[in-house]
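The structure appears right after this line, and notes come after that.
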Amino acid sequence: MLIGLYLAAAEAAHARLTEYDQAAGDGDFGDNLRDGLRGAHARIPDGADLATETETAATYFLDEVGGTSGPLIGLLLRSVASAAAASPSDVDAAVVRGLTEGTAAIQRVGEARVGDRTLVDCLAPTLDGLRGTAGPIDWTAAATAALAHARATADLTPRMGRASYIGKRALGTPDAGAIGVALFFWALALYRDPASRDALPDPAAL
Amino acid sequence: MAELFFVTKAEYVDRALRGFARDQRDIVRLHTAPAYVRALATNPARRVGLVAGGGSGHEPMHVGLVGAGMLDAAVPGRVFASPHNRQVYEASRSAAGPEGVLHIVKNYTGDRINFGIAAERLRHDGIPVARVLVDDDVATESTQTATGRRGTGATIVVEKLLGAAADRGTGLDALVELGRAVASRSRSIAVASAAHTSHVTGRPGFELAPNHIEYGVGIHGERARQTIPRPPLEDLVERMVDDVLANLPAGTRALVLVNGLGGTTAIELYNVFAEVEEALGRRGVAVAGSLVGTWTPALDMKGFSVTVTMLLPDDGAWTALWDAPVWTATLRKRG
């Protein structure tokens with residue numbers, strides 16, 4: 001269900017992700033994310049709970065998806081799966097904890113810091129905003145914030161990641177990986193509140 | 001066009017692995033999908049498995065160093081490209097000892113990330129894992145980027161000493177400490193008089209004017225920052241030894257690796273080693289152990305590298321580890 005929504009977002013955004021990664025990267029991120037989610041989605045058993053579907057997707061991204069961002073998204077999904085399995089009754093808290101641990105794993109592996117113009121520049125500020133709120137999580141607001149943070153990578157000079165070798169020429173184009181993980185928040189918002197669709201930006205227009 | 005002798009299909013790395021594993025079937029076995037090379041026998045005294053890997057085109061590193069006294073598994077990527085994390089992950093699961101697995105990683109971004117992802121997966125499975133990073137190439141000492149020195153020939157020295165230590169039942173933390181100490185006391189420099197043949201185009205990876213050399217060349221076909229008129233070998237070795245020693249702590253005994261880059265003959269490498277030993281001697285450094293041959297090539301590049309590992313004042317038992325028995329496809333010493 002969640003992965004199906006993430007796949008729908010990646011299908012809609014495929015052309016834009018490819019365009020951004022061609023401008024500042026190696027051009028394959030749109031394919032990798034879409035094809036990874038297609039492959040993962042096909043392997044999720046019917047009626048799977050959140051932990052099972054994110055674990056299935058994590059393994060697929062870690063084992064089968066090319067590039068660097070694909071397996072890093074696998075680490076993110078793996079952490080969400082572990083947290084969801086540990087506390088199935090409190091989904092919001094589990095997802096935030098999983099995303100936080102997954103972001104830490106991505107930073108341990110990729111050594112990117114905030115401001116380096118990578119997918120961390122979507123994840124870290126979005127999660128900082130979530131940890132500051134009390135009570136139930138407004139996932140629509142979180143998705144809107146994530147997309148804004150991802151778009152703001154267009155103003156960052158790359159120091160790590162896909163665009164680091166072209167330097168300032170990346171300015172003006174958002175980081176494809178950051179947009180790619182922002183789409184996960186878009187999917188989370190619909191997953192937690194199917195009525196939020198009209199309040200969310202169109203993923204094809206990011 | 002001087003093309004490499006590869007099979008015409010895209011899977012020439014897989015063919016080479018198959019040929020290697022068949023030739024060395026008394027020492028290793030090849031696992032496929034994902035590809036890794038595993039030692040047939042494991043020393044029962046080992047508490048930690050040793051796994052290394054990286055791009056292909058540097059053979060015998062690492063597959064030729066799998067076996068008794070050295071690596072438990074090696075993970076080859078495509079030519080000059082990092083292995084996939086799944087290869088590292090599954091090789092590590094296979095090789096892990098009761099106290100886990102140690103990754104020996106050359107300092108390249110792709111290798112760091114893919115071994116790092118595998119390490120996260122292993123920890124998730126409850127398998128202890130640690131890393132020793134090898135970054136010995138002084139030609140990349142002062143670049144502006146944050147990537148640091150490249151890892152090259154010193155990897156052979158680190159793997160030999162760690163293999164012998166692992167055979168003594170050394171635990172994971174102590175192996176990490178030893179590996180980091182050896183890496184921190186090892187530095188290299190490489191030169192080339194002709195580029196490798198590109199595996200993509202079949203043509204030289206770069207053009208070099210006659211009687212010029214690349215000073216500080218990399219092992220993936222990266223050009224050096226300097227192209228210099230070719231000096232006589234005696235003068236060239238003097239300069240290389242000075243540059244290496246300038247980046248090492250002072251000492252009086254060292255391990256030395258003279259490494260061919262793929263297109264350099266044994267008689268040339270022994271010329272180099274004779275000069276290196278005398279150059280070190282004039283600087284008060286005795287050679288306590290040496291290895292001369294093609295250990296970390298860049299396909300068929302015509303050139304060589306010199307690696308010096310400066311021993312600790314009290315030796316730290318490093319020479320005993322260096323002399324300890326080893327039996328791999330390409331490095332063999334009896335006890």
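Chain letters run A, B, ... following the sequence lines, proteins first, then strands; residues in each count from 1. Here the structure is a predicted model, which means the values were calculated and not measured. Heavy atoms only: backbone and side chains are in, while hydrogens, waters and symmetry mates are out.
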Legend entry - Which atoms of A:Ser79 approach chain B - backbone, side chain, both or neither, heavy atom under 4.5 Å: neither
Inset, instruction - Go through the structure and list residues passing ring-ring contact (aromatic ring centres under 6.0 Å, His included) with A:Tyr6, not counting sequence neighbours. - result: A:Phe184
Inset, instruction - For residues B:His84 and A:Asp63, report the shortest heavy-atom separation together with the two atoms involved. - result: CE1-O, 3.3 Å
Legend entry - Salt bridge flag under 4.0 Å for residues B:Arg112 and A:Glu111: yes
Inset, instruction - Mark yes when over 12 heavy atoms from residues, nucleotides or ligands other than B:Asp173 sit less than 6.0 Å from its CG; otherwise mark no. - result: no
Legend entry - Whether over 12 other heavy atoms sit under 6.0 Å from A:Arg113 CZ: no
Legend entry - Side-chain touch A:Leu62/B:Arg86, heavy atoms, less than 4.5 angstrom: no
Legend entry - Residue pairs fulfilling side-chain hydrogen bond (donor to acceptor under 3.5 Å, both in side chains) with at least one residue in residues 182-192 of chain A, sequence neighbours excluded: A:Asp92-A:Arg192
Legend entry - B:Tyr89: partners by ring-ring contact (aromatic ring centres under 6.0 Å, His included), with sequence neighbours left out: none
Legend entry - B:Arg15 atom CZ, neighbour heavy-atom count above 12 within 6.0 Å: no
Legend entry - Atom CD of B:Glu11 with >12 non-hydrogen neighbours under 6.0 angstrom: yes
Legend entry - Any residue of residues 65-76 of chain A which, by heavy atoms, sits under 4.5 Å from chain B: A:Val65, A:Thr68, A:Pro71, A:Leu72, A:Leu75
Legend entry - Rounded distance [0.5 Å steps], CZ in A:Arg108 versus CZ in B:Arg123: 6.5 Å
